[in-house]
Amino acid sequence: MEYNGGSVVAMIGKDCVAIASDLRLGQQSVGVAMNFEKVFPVNDKLYYGLPGLATDVYTLREQLRFRVNMYRMKEEREITPKTFTHLLSSTLYEKRFGPYFLEPVVAGLTTPTELEPKPKPFISTMDTIGCITTPKDFAVAGTAQDKLYGMAEGLWEPDLEPEDLFETISQTLLNAVDRDALSGWGAIVHVITHDKVITRQLRSRMD
Amino acid sequence: MECSFGLTGKDFVLLAADTSAGRSIIQMKDDENKIKALGPHIAMAYGGEAGDTNNFADFVDRNLRLYQIRNHTPLLPAAASAWIRRSLAESLRSRHPYSVNLMLAGFDITDSTSHLYWIDYLGTKAIVPYAAHGLGQYLALSTMDKWWTEGVDKREGIEILKKCVDEVGKRSTLKFKFNCILIDASGIHHINLDSSDPIAEMEQAGKAAEVINPNPPLDVGITA
């Protein structure tokens with residue numbers, strides 16, 4: 001977990017969710033790359049972040065891309081955030097006794113259906129072997145986890161509009177990673193709304 | 001202890017690796033080539049556990065060649081890096097993992113871009129403009145941070161590489177000799193870092209400086 005470093009945070013807003021990560025890839029204390037994104041899209045309303053061991057970030061991302069594509073072809077519809085969380089959880093649990101060293105965070109919006117006309121914005125997080133938690137406010141993971149909790153606890157409030165949510169998640173992430181030697185070196189934020197995804201790169205302290 | 005560097009520029013990639021071979025404090029060889037050409041425009045510098053390195057490098061070389069024979073086109077750098085990374089990641093969770101760190105450099109002739117991938121034995125892949133493995137990470141990454149700029153030309157690139165090699169010579173108690181190659185649109189070329197003008201020497205040498213392509217395109221009467 002502390003080998004490559006990196007952090008991810010997700011937050012719920014009013015009819016929107018946001019997910020953000022830092023961009024550092026290190027080898028212990030040495031910084032190797034400053035373009036290593038840890039948040040990936042599943043579709044235009046669902047993103048997930050994988051902080052942890054960088055080799056497993058690639059391996060699990062490849063694995064999930066395959067499984068989501070198979071789901072899409074078999075079901076002929078997009079996967080929902082809730083279903084994706086369970087897909088991810090069982091993928092992690094398959095490796096119960098030799099786990100991927102990752103603590104995933106999922107953030108997404110569910111498209112309204114007849115059965116569920118007013119779905120709530122969704123975030124979830126899990127441990128290395130896939131034990132799910134679905135918070136109502138925010139989810140944090142990575143080497144700056146404890147600092148992120150502190151910042152998010154102080155800044156987050158219910159029913160933030162997309163632009164306010166962007167500001168909240170950005171300040172949470174930037175101020176948390178500045179106190180963490182293994183995270184930082186730039187950041188990227190995605191704010192997911194029903195009609196668009198706003199992606200912005202943030203500049204941060206480079207030390 | 002080992003040391004290798006990689007550096008991208010506007011229309012080329014540089015790769016340099018030390019030439020020592022030995023165990024712990026004993027050096028047995030000072031002319032070991034740890035850079036392997038894998039195709040007409042792709043090469044890698046590798047290091048790590050003694051037997052694993054050559055075995056893995058051969059494995060990669062043969063597989064990339066097989067791809068080229070089957071498809072009449074070499075694997076592009078991005079695809080090659082993904083394949084190599086996956087091989088290492090799968091090996092990591094096997095009974096006998098390969099302990100090989102490498103740097104993959106390639107020039108994509110389809111869109112004239114240079115690529116450099118930093119890959120370690122875990123299967124960690126970083127897409128970087130410049131990188132180092134081994135001792136060089138601690139000694140010369142800061143040199144590259146200071147001097148490298150977007151779109152450096154060949155001469156500037158070699159100057160930066162020389163600064164790194166000098167830094168290692170100055171700050172390390174070990175004596176390293178370096179082996180260097182340059183990849184551009186015309187292929188892979190040897191670079192003599194001791195020369196006062198390596199680029200002029202390379203251009204003058206022409207064919208003689210070219211690294212022999214291990215996977216020459218086969219003439220089967222079909223063009224890809």
Side-chain angles (χ1 to χ4, degrees), chain A residues 1-6 21-38 40 50-66 91-102 128-129 142-143 181-186 188 201 203 205-207, chain B residues 2-8 47-48 78-95 97-104 115-146 148 150 164:
Chain A
M1 288 287 157
E2 281 84 42
Y3 188 73
N4 299 118
S21 82
D22 68 328
L23 295 177
R24 182 180 181 269
L25 170 75
Q27 197 178 42
Q28 315 227 57
S29 59
V30 179
V32 173
M34 37 191 279
N35 56 359
F36 194 78
E37 289 182 32
K38 293 152 197 84
F40 313 107
L50 300 174
L53 192 68
T55 178
D56 291 342
V57 174
Y58 274 105
T59 308
L60 191 62
R61 186 170 60 144
E62 283 165 11
Q63 172 93 292
L64 286 172
R65 191 172 73 145
F66 168 73
T91 307
L92 287 171
Y93 198 79
E94 270 179 16
K95 296 274 186 286
R96 171 64 179 83
F97 297 109
Y100 291 123
F101 297 103
L102 300 166
T128 52
I129 53 168
T143 53
L182 300 179
S183 301
W185 265 23
I188 189 161
Q201 290 241 11
R203 282 151 62 91
R205 283 177 67 112
M206 300 303 271
D207 56 357
Chain B
E2 289 178 317
C3 184
S4 59
F5 301 112
L7 189 150
T8 60
S81 79
W83 187 86
I84 294 169
R85 191 212 77 83
R86 189 183 264 241
S87 301
L88 283 168
E90 279 170 1
S91 146
L92 181 70
R93 289 176 202 266
S94 71
R95 189 108 77 112
Y98 281 114
S99 179
V100 182
N101 300 316
L102 59 97
M103 215 130 46
L104 184 75
H115 298 259
L116 181 66
Y117 300 92
W118 178 98
I119 300 174
D120 76 1
Y121 73 102
L122 298 168
T124 313
K125 181 175 88 174
I127 305 157
V128 282
Y130 52 88
H133 263 307
L135 243 161
Q137 274 199 309
Y138 303 104
L139 299 174
L141 268 185
S142 50
T143 310
M144 290 167 154
D145 282 333
K146 184 172 167 67
W148 187 89
E150 191 76 52
C164 295

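Numbered from 1 within each chain, the chains take letters A, B, ... in sequence-line order.
Within the 4.5 angstrom heavy-atom criterion, no atom of Ala131(B) approaches chain A. Only the side chain of Phe36(A) has a heavy atom closer than 4.5 Å to any heavy atom of chain B. At a 4.5 Å heavy-atom cutoff, Ile119(B) makes no contact with chain A through either its backbone or its side chain.
Taking all atoms of both residues into account, the shortest heavy-atom contact from Phe101(A) to Arg93(B) is CD1-NH2, 4.3 Å. Of all heavy-atom pairs spanning Gly31(A) and Leu141(B), the tightest one is O-CD1, 3.9 Å. The minimum heavy-atom distance linking Val128(B) with Val32(A) is given by the pair CG1-O, 3.7 Å.
The greatest number of non-hydrogen atom pairs below 4.5 Å with chain A, out of Gly123(B), Pro129(B), Ala82(B), is found for Gly123(B). When Ile127(B), Thr124(B), Leu92(B) are compared by the number of non-hydrogen pairs under 4.5 Å with chain A, Thr124(B) comes out ahead.
Between the Arg85(B) side chain and the Thr55(A) main chain, a donor and an acceptor come within less than 3.5 Å of each other.
Note that the CD atom of Gln27(A) and the CG atom of Asn101(B) stand 7.0 Å from one another [nearest 0.5 Å].
Within 6.0 Å of CE in Met34(A) there are 12 or fewer heavy atoms belonging to other residues, nucleotides or ligands. For Tyr138(B), the OH atom sits in a loose shell: 12 or fewer heavy atoms of surrounding residues, nucleotides or ligands are nearer than 6.0 Å.
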